[in-house]
A.B. asks: 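Input: one structure, supplied below.
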Amino acid sequence: MTIQKKPAAEPLLAWYDRHHRDLPWRISPAMAKRGVKPDPYHIWLSEVMLQQTTVAAVKAYFAKFVGQWPTVADLAAAPSEDVMVAWAGLGYYARARNLKKCAEAVAFEHGGRFPETEEGLKSLPGIGDYTSAAVAAIAFNRNAAVMDGNVERVISRLYAIDAPLPGSKPAMKARVAAMTPDDRPGDFAQAMMDLGATICTPKRPACALCPFNDVCMALESDDPERFPVKAAKKEKPVRLGAAFIAVDTDGHLLLRRRPESGLLGGMTEVPTTAWTSRVDGETGVEAAPFAAGWQACGTVTHVFTHFELRLGVYRAQVSRGDVGAVHGFWAPVTNLDGEALPTAMKKAIAAAIPTAFSTPKG
DNA sequence: AAGTCGTGGAT
DNA sequence: TATCCAAGACT
């Protein structure tokens, strides 16, 4: 039985100085040494975008937001609809609603400055355990235990933690807190996450390159991929429905705004039936918003977090005078990029109007 | 406290 | 193709 050497921050920080990734919102260790400070607005914005989202997907959105709203005050003053349009395609739309609320709180209740403590940050909309610690550490150099999915994987392997997530989370966070240094806590947090993203990967980790390979209990046990242990997940049910693409004689498409809360809250949609199980053979066309010459355009499938959606798509050319009053609004088909359309809706529209978007994603 | 909330890339 | 899962928050 060998004695476990304790994982320490110093070797990781030395690794980070050599291997950190250059990201648009990040101040490199070299720049930091020259006294360059990160912009808390940039750190906060990137951290919210990065929640459950890949770095690759975030980059373009981060550039768009910073270009359109250079300061938190600009974002606070922006129309909510503009923010939703800019966020469209990134997913988890409650983040965009909370982003706007948080910007308003900072601009109008905190004098335009973000709180610098974990507690103060966590009191703001859309900022939870992870983001409050990350912003406190990275933007304000506070000693805060930052734990995301990457850190969970690194810690579970360093200590060969057999207890399944999410139950083992508190114990893991205690390990992170014990490791976090008073000097460079922000770099330590980013180093742990970079390590998880590039070395301590879910599959085939590059242990030979890892600064912790002399102290990692999972590596010593010869099966690091076994960690982290996670609770079993349940299967996704299928929901069915029909979507109706109504185009008027001037090339306008009938759209609706979804309720503010819940799935795709505050986003734009085409009229659909309820999304629920449907008896085989029924088309759904009987539930159209109004009578018209509805033509079937096939089916689109979209997978959400906890269910799979299959929408039968129907198209009709209509005269606006014939359909009477409708719930919704008419938008030119040539300007759908100006609408807050989630991906599922773009798929349905593209099935009926192949030329609506340059790509299915828009 | 378990369920709700998107999307796209990697394997 | 199926599965995982990525810098989680909210209820």
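Numbered from 1 within each chain, the chains take letters A, B, ... in sequence-line order. What you are looking at is a predicted structure, and each value in this text was computed from that prediction instead of being measured.
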A.B. asks: Rounded to whole Å, please give me the gap between CZ in A/Arg258 and P in B/dC5.
C.D. replies: 9 Å

A.B. asks: Between C1' on B/dC5 and CG on A/Leu263, what's the gap in Å once rounded to a whole number?
C.D. replies: 7 Å

A.B. asks: Can you tell me how far P of B/dG3 sits from NE2 of A/His306, to the nearest Å?
C.D. replies: 11 Å

A.B. asks: Identify the two heavy atoms, one from A/Gln317 and one from A/Asp248, that lie closest to each other, and give their separation to 0.1 Å.
C.D. replies: OE1-O, 3.0 Å

A.B. asks: Take atom CZ of A/Phe307 and atom P of B/dG3, then tell me their distance rounded to the nearest Å.
C.D. replies: 16 Å

A.B. asks: Identify the two heavy atoms, one from A/His252 and one from A/Arg320, that lie closest to each other, and give their separation to 0.1 Å.
C.D. replies: CG-NH2, 3.6 Å

A.B. asks: Taking B/dA1 as the reference, what is the distance to C/dG8 when you measure between their C1' atoms (whole Å, please)?
C.D. replies: 16 Å

A.B. asks: Whole-Å distance between C/dC5 P and A/Glu225 CD?
C.D. replies: 11 Å

A.B. asks: Does a side-chain N or O from A/His302 land closer than 4.0 Å to OP1 or OP2 of B/dG6, or not?
C.D. replies: no

A.B. asks: If I compare all heavy atoms of A/Leu311 with all of A/Trp275, which pair ends up nearest, and what's the gap?
C.D. replies: CD2-NE1, 3.9 Å

A.B. asks: In this structure, which one of A/Arg256, A/Arg258, A/Arg257 forms a side-chain hydrogen bond (donor to acceptor under 3.5 Å, both in side chains) with A/Glu269?
C.D. replies: A/Arg258

A.B. asks: Hey, does the side chain of A/Lys236 come within less than 4.0 Å of C/dA2's phosphate (OP1/OP2), counting only N and O?
C.D. replies: no

A.B. asks: Heavy atoms only, 4.0 Å cut-off, all strands: where does A/Val303 land among base, sugar-phosphate and nothing?
C.D. replies: base

A.B. asks: According to the interplanar angle, ranging from 0 to 90°, do the rings of A/Phe65 and A/Trp87 count as parallel (below 30°), tilted (30 to 60°) or perpendicular (above 60°)?
C.D. replies: perpendicular

A.B. asks: Rounded to whole Å, please give me the gap between CH2 in A/Trp87 and P in B/dG6.
C.D. replies: 12 Å

A.B. asks: When rounded to the nearest Å, what value does the distance between C1' atoms of C/dA9 and B/dG9 take?
C.D. replies: 23 Å

A.B. asks: Just to verify, which of A/Asp17, A/Asn143, A/Asn141 counts as forming a side-chain hydrogen bond (donor to acceptor under 3.5 Å, both in side chains) with A/Arg184?
C.D. replies: A/Asp17

A.B. asks: Could you state the atom-to-atom distance from CG of A/Leu309 to P of B/dT4 in whole Å?
C.D. replies: 15 Å

A.B. asks: How close or far is atom P of B/dT4 from atom CZ of A/Arg95, stated in whole angstroms?
C.D. replies: 19 Å

A.B. asks: Taking the P atom of each, how far is B/dG8 from C/dC10, in whole Å?
C.D. replies: 24 Å

A.B. asks: Which whole number of Å gives the distance between the P atom of B/dC5 and that of C/dA6?
C.D. replies: 22 Å

A.B. asks: For every nucleotide of nucleotides 6-11 of chain C, 5' to 3': is a protein heavy atom under 4.0 Å from its base (B), only from its sugar-phosphate (S), or from neither (-)?
C.D. replies: BBBSS-

A.B. asks: Please list every donor-acceptor pair under 3.5 Å in which a side-chain atom of residues 101-113 of chain A meets a protein atom from a residue at least two apart or in another chain.
C.D. replies:
from, atom 1, to, atom 2, distance (Å)
A/Glu104, OE2, A/Lys100, NZ, 2.5
A/His110, ND1, A/Ala105, O, 3.2

A.B. asks: Starting at the 5' end of DNA chain B, which residue's closest nucleotide do you reach first, A/Arg204 or A/Pro342?
C.D. replies: A/Pro342

A.B. asks: If the P atom of B/dG6 is compared with that of C/dT3, how far apart are they to the nearest Å?
C.D. replies: 22 Å

A.B. asks: If you take all heavy atoms of A/Arg21 and A/Ala197, which pair is closest and at what distance?
C.D. replies: NH2-CB, 3.8 Å

A.B. asks: Hey, does A/Gly262 reach any base, or is it just sugar-phosphate, or nothing, if we go heavy atoms under 4.0 Å?
C.D. replies: sugar-phosphate

